[in-house]
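Below, chain A is the first sequence line, B the second, and so on; all start at residue 1.
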Amino acid sequence: MTNHWIDIQHSDVILIQGSNAAENHPISFKWVMRAREKGAKLIHVDPRFTRTSSKADFYAPLRSGTDIAFLGGMIKYIIENNKYFKDYVVNYTNASFLVNDKFDFNDGLFSGYDAGTRKYDKATWTIKKDAKGIAEKDPTLQDPRCVFQLLKKHYSRYDMETVSKITGTPVKDLQTVYEMYSSTGVPDRAGTVMYALGQTQHTSAVQNIRTLCMVQLLLGNIGICGGGVNAMRGEPNVQGSTDFAILSGYLPGYLAAPRASLPTLDDYVKKNTPKTSDPRSANWWQNYPKYATSLLKAWYGDNAKKDNDFGYSWVPKLDDGQDANILMMIDSMYEKKIKGLVCIAQNPACSLPNSNKVREGLSNLDWMVHVNIFNNETASFWKGPGIDPKKVKTEVFLLPAAASIEKQGSVANSGRWVQWKYEAAKAPGDCIYTGDIVVRIVSKLKELYKKDKKAAFPDPIMNLKWDYTDDKGRFDPVKVAKTTNGYFLEDLTIGDKTYKKGDNVPSFAMLQADGRTSSGCWISCGSFAQDGTNLMQRRKKDDPTGLGLYPQWSWAWPVNRRIIYNRASVDLNGKPYNPKRALLAWVDGKWVGDVPDGPWPPMADLEKGKYPFIMKPDGVSSLFGPGLGDGPFPEHYEPLEGPMEKNFLSSQLKNPVMKIFSGPCDKFSGCDPKYPFVMTTYSSTEHWCTGALTRWQSWLTEAQPQVYVEISEELAQLRGIKNGDKVKVESVRGSLPCVAMVTTRFRPFNCGGQTIHQVGMTYNYGWLFPEDCGDSCNQLTPTAGDANTGTPEYKAFMVNVSKV
Amino acid sequence: MTVESSTEERVKRIKKTITKMKKETPSLAIILKLYEKVFAERARLREELPLPMDVRISSPDPFRFSHGMTLMNEGIFPLSTDSMEKVSDRMIPVLARAFPKIRPILKNVKTALKKNKPDLKTCMENMLHSRDEIISQTAFHLETDPVTLKFVLGQLFKPLIEKQSESLRSVIQNLNWEKGYCPVCGSFPVLSYLKGAEGQRWLVCGCCSHEWRFARTQCPFCENEDSKKSELCFVEDRAYERAEMCHQCKRYLAGIDLRKYPYEFIPEVAVAGMMYLDILVQETGYLPMADSAWTLVPHLETSSKNPKSKVLNS
Amino acid sequence: MSNGKSILVDTSLCTACRGCQVACKQWNNLPGTKTKQVGTYQNPQDLSSDTWKVVRFADGKKEDGKPYWYFFSEMCRHCIMPPCKLSIDMTVKDAVIQDEATGAVVYTEKTKKMPFKDVMCPYSIPRQNPKTKVLAKCTMCFDRIKNGMIPACVKSCPTSAMVFGDRNEILDMAKKRVADLKKTYPKAMAINPDDVRVIFIVTDDPNKYWKFAAGG
């Protein structure tokens, strides 16, 4: 989230698209309903009518996988009806920047596409720079090569009739949503976007979210109170795990994973440190080298020295061009390239797409260590349906872990608040902290490497700083958290302040690139005060702005800033656009309110003022975003498996750069009459993810006992199905018996005269327990991932439903 | 004939009021004398200028307008260059006479206007949007500093902007406006006045001189409504002239109570006549609400004979 | 004199998360019963001696053809003049207690002597334990209230759809909420506020929520 949960109450219009917040983030609705009580309007855009829709002022249906078309139409509407917030767009986005003359877009493809490699050469996706290297601009937004005009041109094709043919949303509904939401493009109204996996689980996931961002930027809704682009993260510390690099392309703090072609630290930081020639751009990532060195110092301690590149060579490298996301990992298991797996707190045999392939992949392993609080379908895959235990060679170790509430430590919520929690109960029996398991394994590894003089490449293990235990040899979460925050490793004077060796670094602004500081995750730097006070433990309810920022409750990254890019909430002179919800104001030569995005004065100060989007090299937000692999402007493509024979916007049917798997298990159906219905999968309130934790809870299985498929009355009639009937749902990859739920909440779409039926299932079940609950719907889902992140496309694929 | 006579009538009234002020407050005499001719010429121009031809007279979206989108924001107030030449021909000599110090800059400005390089129209537009980069660049070209350039351009083009604003008055007269900045050009006011038996509060735009009604007790700058955070500052024997100070945003606005005002009310003259208060309040660290281009104080050498002031809770 | 306690259930704020349904079972030590998916989100299908609070789900089509989905967090209304107590009193003395401080209507073990078919309740709330024959229903968590806590269901509600408090305050709150809601939903109403302690607010015809929502 750019903002935070409590802030939702300040919105005037709330757009929930790609989320069923009421069901999957119930607490968010505390704030949504509070906003509504103050007069806010709630819009829900979703393929199905959910508990969220039931509370909305306006619900608009949309066919799964067509969000970019829907939102592209909104961009067109905003621009052509002058609903955008011009001051914001001109000053705080790259709308006025002039684009390379060779950049082009033609019939679904941007310039530079290579059909052979399915990749773009992005050489033409650039901004024109003047002799000083500063972006050329036209603040009147009239130049035909400025971003704004190119944007206008790009989305001019997304007229409501065409959008409606794609999304199946009636034109009248499109009009209503566009009108309601674009009413926030004024100084004193705020619109917020709440999204979740409904946006991310698509082959165009990142572009979906970019489109939402662009809508928000045009309306001046980012960086303001009651606005933002708000990703709602899951209960099990999803925010924390991404902050700490659970994704394969990252190191902690969103640093890039090193690549094989970057053999030295210098190569690595040069490649990843963005540059700017514009003196008014803070370009915060220029500090990249400080964060990289401090991370290495945290990992390797005294063993990391300047003359050994701070141990950079010990960090594993990805091959060039290698994508190591989870779909690739499973594919490698399936191909017998991966021999062993440590699987902690996950249930991939149910949660990953094409689970029959996953289960087969697991049986190709030599060994699997599984750490969990309950047995699940992954730990027991070898005795699952259709698998003969005698034929599985994989040796499985199931290690009992303590549950989240049985552990002390930090949890980051979606609003980036990192809160310290305590053990609510002792873990039962032999269950221990996962941290303890890791500590014991690594200590043993060190011991084994020490004994074996012939062990290959011992450096990464032997040089690891490993002092995370208390005096009884147990895992100590406070020590880990402090290392994460970072230490001064020598006495250091910065400005007029002196810090002692061993002090905690109180802000990442003080981290150094020369090895004199450590920090295991630079964005966490500041979670401890210099004297070692744990700021994540704070529970003071002071609210000086009256906006519910609660700056002394826990601690938020970065540097306790509660709303990021908050300097975009003020005009060039530092005056809040909306004084009634003044997040920040420049008063008496200083910022008052939230922690500002940097100390610099407002932009009207030509010498010291800086642009507000400090994480972007140009200092402004990107309506034109060349960073992604599939285009600087989001473009609608159909899902990998879709019901349409053509794309009404171009002759490019699918995302041209997404990875397509081609193993024997990876079958895909096009417009196949055998699989005529669009399926989307989701979770329910009552179960958590695959149900691995909740299916053991009798009050929850009582409320949602068995796997079901939700279908419309029209489809039920077509297939002769009655409510509660047993049915079979099939895709080209698998088939699953379940119960039919016939409901008015699903309705067929009219897509350009074609009737398209959409159905839906939850992925909350697995064969292990309870016995009659059914199995995972991921037996049906395709191994297909987003072109940029590889997030699987769970939300849109093709199935058949028939009565059994 | 009638136009001319009414214009001259107005010029006369300006002179009369200034003369009266000078007599009663000799410390302001120098400043008032400087501005007298400027105001007079501006008044003449305002009458003489034709309505701009290239301004799009269209109504704003009432919803967006009521939520703070100005005509400037909506592109309904682009700067017209129809009469730029006439305005500069007439204003430059007057300004040169009034402010000898800025003569070199005025000369450069004149040349720039002739050559259309640097583009002073764009510069002026940027000024209206508070985008200062181009102003700095232009100031560099014209061998001056941005603050002075803004003052010069502001004084020079004010008649043009006022005329244009006037032509748009009809499109918003029936629309609701509750903001402290100008509904036409988005600038902050230079003056607040109370009128009528009930003391309705009106604000005068520093840039285009548009006037609009505003909440009596609210700060136009930060919308603070807490009376504990605002104060009136005035000189004992001139209580009808006061600075409305806001402690929340540390800004002030010159204000007069017309019910007790002894002079004829001519907004620009009234503002000039209160400069002693500007000096007083600015010394306490408070800033005027309007952009420096529209405030007169920082650009003038003034004597600092401070009359005794008194600060009262409003 | 105190007017006892009341609970407001504003269905316009309810997202049917069923936290209340589970919290009720947790506090009252009631088991999860074996259920099946029969084509609805609602489960269990009805109240029972093991289920004193159940969120009822009702979906259908509005006049404009768009779907609706109404949620009704069913529980005992704790009537001011409870017909169940009146009917049981006629057969078994002191089997039903009406707590003085709160007004909660609470069944005792003695209810097992009461023929179930003769128990009167317009909202169809009481259920009989098939083994012990004891009658069972919500107690308003009067044991929690006596210990300074609010009812478990109210405590669990994330959206404040349920509010517990002094009856007079709750009645005022209900009046205000209905007046507010009427601006958006002309049919908004509080159900029998003068007769019951658990006051439901609905935004449409109560029968669309549940056939006994407003009493049968």
Among A:Ala703, A:Ala22, A:Pro770, A:Cys773, residue most engaged with chain C (heavy-atom pairs, under 4.5 Å) = A:Ala703
Enumerate the inter-chain donor-acceptor pairs under 3.5 Å for chain A and chain C, one line per pair.
from, atom 1, to, atom 2, distance (Å)
A:Arg36, NH2, C:Tyr185, OH, 3.1
A:Glu37, OE1, C:Arg177, NH1, 3.4
A:Arg51, NH1, C:Ala16, O, 2.4
A:Lys55, NZ, C:Cys14, O, 3.0
A:Tyr59, O, C:Lys66, NZ, 2.7
A:Asp173, OD2, C:Lys66, NZ, 3.1
A:Glu686, OE2, C:Arg18, NE, 2.8
A:Glu686, OE2, C:Arg18, NH2, 2.8
A:Trp699, NE1, C:Leu30, O, 2.8
A:Glu702, O, C:Thr35, OG1, 2.8
A:Glu702, OE1, C:Lys25, NZ, 3.1
A:Glu702, OE2, C:Lys25, NZ, 2.6
A:Glu702, OE2, C:Thr33, N, 2.9
A:Glu702, OE2, C:Thr33, OG1, 2.7
A:Ala703, O, C:Arg18, NH2, 3.2
A:Gln706, OE1, C:Gln37, N, 2.8
A:Glu710, OE2, C:Tyr41, OH, 2.8
A:Asn723, ND2, C:Gly39, O, 3.1
A:Thr743, OG1, C:Asp59, OD2, 2.8
A:Thr744, OG1, C:Gly60, O, 3.4
A:Arg745, NE, C:Asp59, OD2, 3.1
A:Arg747, NH1, C:Gly65, O, 3.2
A:Asp772, OD1, C:Lys34, NZ, 3.3
A:Asp772, OD2, C:Lys34, NZ, 3.4
A:Asp772, OD2, C:Lys36, NZ, 3.3

request  = Let me know if A:Ala740 has heavy atoms under 4.5 Å from chain C in its side chain, its backbone, both or neither.
outcome  = backbone
ask   = Counting heavy-atom pairs under 4.5 Å to chain A, which of C:Ala161, C:Cys157, C:Gly60 comes out on top?
value = C:Gly60
task = Go through the atoms of C:Leu30 and report whether side chain, backbone, both or neither lie under 4.5 Å from a heavy atom of chain A.
result = backbone
request  = Using the test side chain to side chain contact (heavy atoms under 4.5 Å, CB included), find all partners of C:Pro115 that sit at least two apart in sequence or belong to another chain.
outcome  = C:Thr91, C:Asp118
remark   = On a heavy-atom basis, the closest approach of C:Pro158 and A:Pro26 is CB-O, 4.2 Å
inquiry  = Evaluate A:Leu700 against C:Val22 for side chain to side chain contact (heavy atoms under 4.5 Å, CB included), listing each step before the verdict.
reply    = CA-CA 8 Å; A:Leu700 298 175; C:Val22 169; 4.2 Å; yes
